[in-house]
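Have a look at the structure below before the remarks.
Computed over heavy atoms, backbone and side chain alike; hydrogens, waters and symmetry mates excluded.
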Amino acid sequence: MKNEVIQRYIQGDTLIIVSSVRDICEEIAEKQNLTLNGDYISLGYAAAFTAALSAEQKEAETYITACFKWVKTKKMMAVTAFGDGRVCAYSDTFEPPSGVEGVILEVTRHSDVGGDYHSVVLGRNIQGAVNAYITESMQRNAKWKVIRDGRMSVGVFAEELPGSNDLRKVWDSVKPFCRALDEEELIKGGCEKLGESELTFGCHCSKRSAQRILETLPKEERASLGPTAEVVCKFCGRKYEVENE
């Protein structure tokens, strides 16, 4: 299976999106000081999902941020993916609300046309949270699964198109290939390839965005920074010197 790609297939009336990431996750892990353990695996799951979600956006300027929060460990992973294939992420800690267990998934669709749309769902684990988002927020009859192949994470998203009722049949036909997803095997199984696009690590930060971040700080905090402040992007680590007026 290729890595760093989004592949689209159709079988009958069902759309299938396959996303695979490895090099992107390794670059993010290096920038975020993540070791090749559970945090790295979680990053692969989150990146594969967010990239696939962003790939279906119709508006060129729309991009997706998916933030996964693990209540038990108080860790979070936020992945941003753009329609042009750029993916970036950062990790942090958070203070979970009381009475909540499992994984919190917060998805924000950023759009210059319609503004931001934010939704929150809960799941017992990362895959449960994703499927809850698909059912509750997207309101679609679809299934999602992630397969690990060494350091590569492969996400499979199958969705019934309007008027279809064969999702279970298509999912059953895809499952045998889920251990070694291969383009030739999918086509042999009756899938027609619609297209393919590349994924790459790429941040969306700029001096303008750094200026906006500075402007959101309380006046007292801004006053303590002096006439020029250094803003560091939490996604890629790039530093910006911005005027603090």
Side-chain angles (χ1 to χ4, degrees), residues 1-22 24 44-60 62-66 68 79 81-87 103 105 107-109 111 114 117 119 121-149 152-199:
M1 184 70 191
K2 297 179 182 178
N3 62 299
E4 276 42 77
V5 295
I6 294 283
Q7 294 178 320
R8 301 169 183 81
Y9 299 87
I10 192 166
Q11 186 182 71
D13 294 321
T14 302
L15 175 68
I16 300 169
I17 298 177
V18 180
S19 56
S20 56
V21 290
R22 186 190 64 195
I24 290 172
Y45 274 59
F49 165 68
T50 314
L53 199 60
S54 179
E56 68 161 10
Q57 300 306 303
K58 303 298 188 295
E59 301 169 7
T62 298
Y63 61 98
I64 303 291
T65 298
F68 293 85
V79 180
F82 302 81
D84 61 6
R86 287 176 296 152
V87 180
V103 176
L105 171 56
V107 178
T108 304
R109 295 172 181 258
S111 173
Y117 176 77
S119 57
V121 295
L122 296 173
R124 288 194 304 174
N125 50 38
I126 188 169
Q127 189 155 301
V130 167
N131 282 302
Y133 174 76
I134 292 171
T135 302
E136 299 172 19
S137 296
M138 299 178 73
Q139 296 185 342
R140 297 182 183 179
N141 190 14
K143 290 188 177 183
W144 169 262
K145 183 177 179 62
V146 175
I147 303 98
R148 294 281 300 171
D149 183 8
M152 182 164 65
S153 298
V154 181
V156 184
F157 176 82
E159 176 190 2
E160 279 187 0
L161 298 176
S164 170
N165 60 2
D166 62 352
L167 176 62
R168 181 183 295 275
K169 179 181 177 181
V170 174
W171 189 255
D172 287 343
S173 71
V174 171
K175 282 195 296 185
F177 312 131
C178 281
R179 270 326 205 172
L181 278 168
D182 180 85
E183 180 177 331
E184 292 184 3
E185 292 297 326
L186 285 169
I187 292 173
K188 286 180 182 178
C191 296
E192 176 187 352
K193 189 174 182 179
L194 300 178
E196 178 178 302
S197 56
E198 294 183 357
L199 297 172

Using the rule given for side chain to side chain contact (heavy atoms under 4.5 Å, CB included), can you reason through V21 versus L199, listing the C-alpha separation, both sets of side-chain angles and the distance that settles it, and then say yes or no? CA-CA 8 Å; V21 290; L199 297 172; 3.8 Å; yes

Does F68 form a side chain to side chain contact (heavy atoms under 4.5 Å, CB included) with V130? I'd like the steps, not just the answer. CA-CA 10 Å; F68 293 85; V130 167; 3.9 Å; yes

From I24 CD1 over to R86 CZ, what is the distance, rounded to the nearest 0.5 angstrom? 12.0 Å

Please report the interatomic distance CD1(I10) to CD1(I17), rounded to the nearest 0.5 Å. 11.0 Å

The salt bridge (charged side-chain N to carboxylate O under 4.0 Å, His left out) partners of E159 (sequence neighbours excluded) come to R140

Indicate yes or no for a side-chain donor-acceptor contact from S54 to the backbone of I64 under 3.5 Å, with no hydrogens or angles considered. no

Measure across A48 and G155 and return the closest heavy-atom pair with its distance rounded to 0.1 Å. CB-N, 4.1 Å

For Q127 versus V146, what's the shortest heavy-atom pair and its separation? OE1-N, 3.4 Å

Rounded to the nearest 0.5 Å, what separation is found between the OG atom of S153 and the CD1 atom of I147? 9.5 Å

Counting only N and O atoms by type, is there a donor-acceptor contact under 3.5 Å from the side chain of E4 to the main-chain atoms of R22? yes

What's the separation between atom CG in L122 and atom CD in E136, rounded to the nearest 0.5 Å? 8.0 Å

Closest approach of S137 to V121 (non-hydrogen atoms, all atoms of both residues): OG-CG1, 3.8 Å

Just do the side chain to side chain contact (heavy atoms under 4.5 Å, CB included) check on S197 and R8 with the steps written out, would you? CA-CA 9 Å; S197 56; R8 301 169 183 81; 3.6 Å; yes

Looking at every non-hydrogen atom in both residues, tell me the closest pair between L105 and A129 and how far apart they are. CD2-O, 3.6 Å

Tightest non-hydrogen contact, residues T50 and A81, listed as O-CB, 3.6 Å

How many angstroms lie between atom CG of N3 and atom OG of S20, to the nearest 0.5 angstrom? 6.0 Å

Is there a donor in the side chain of Y9 and an acceptor in the side chain of Q7, or the other way round, less than 3.5 Å apart? yes

F49 and W144 aromatic ring geometry - parallel, tilted or perpendicular at 30°/60° bounds: perpendicular

When every non-hydrogen atom of A142 is compared with those of I134, the smallest separation belongs to CB-CG2, 3.7 Å

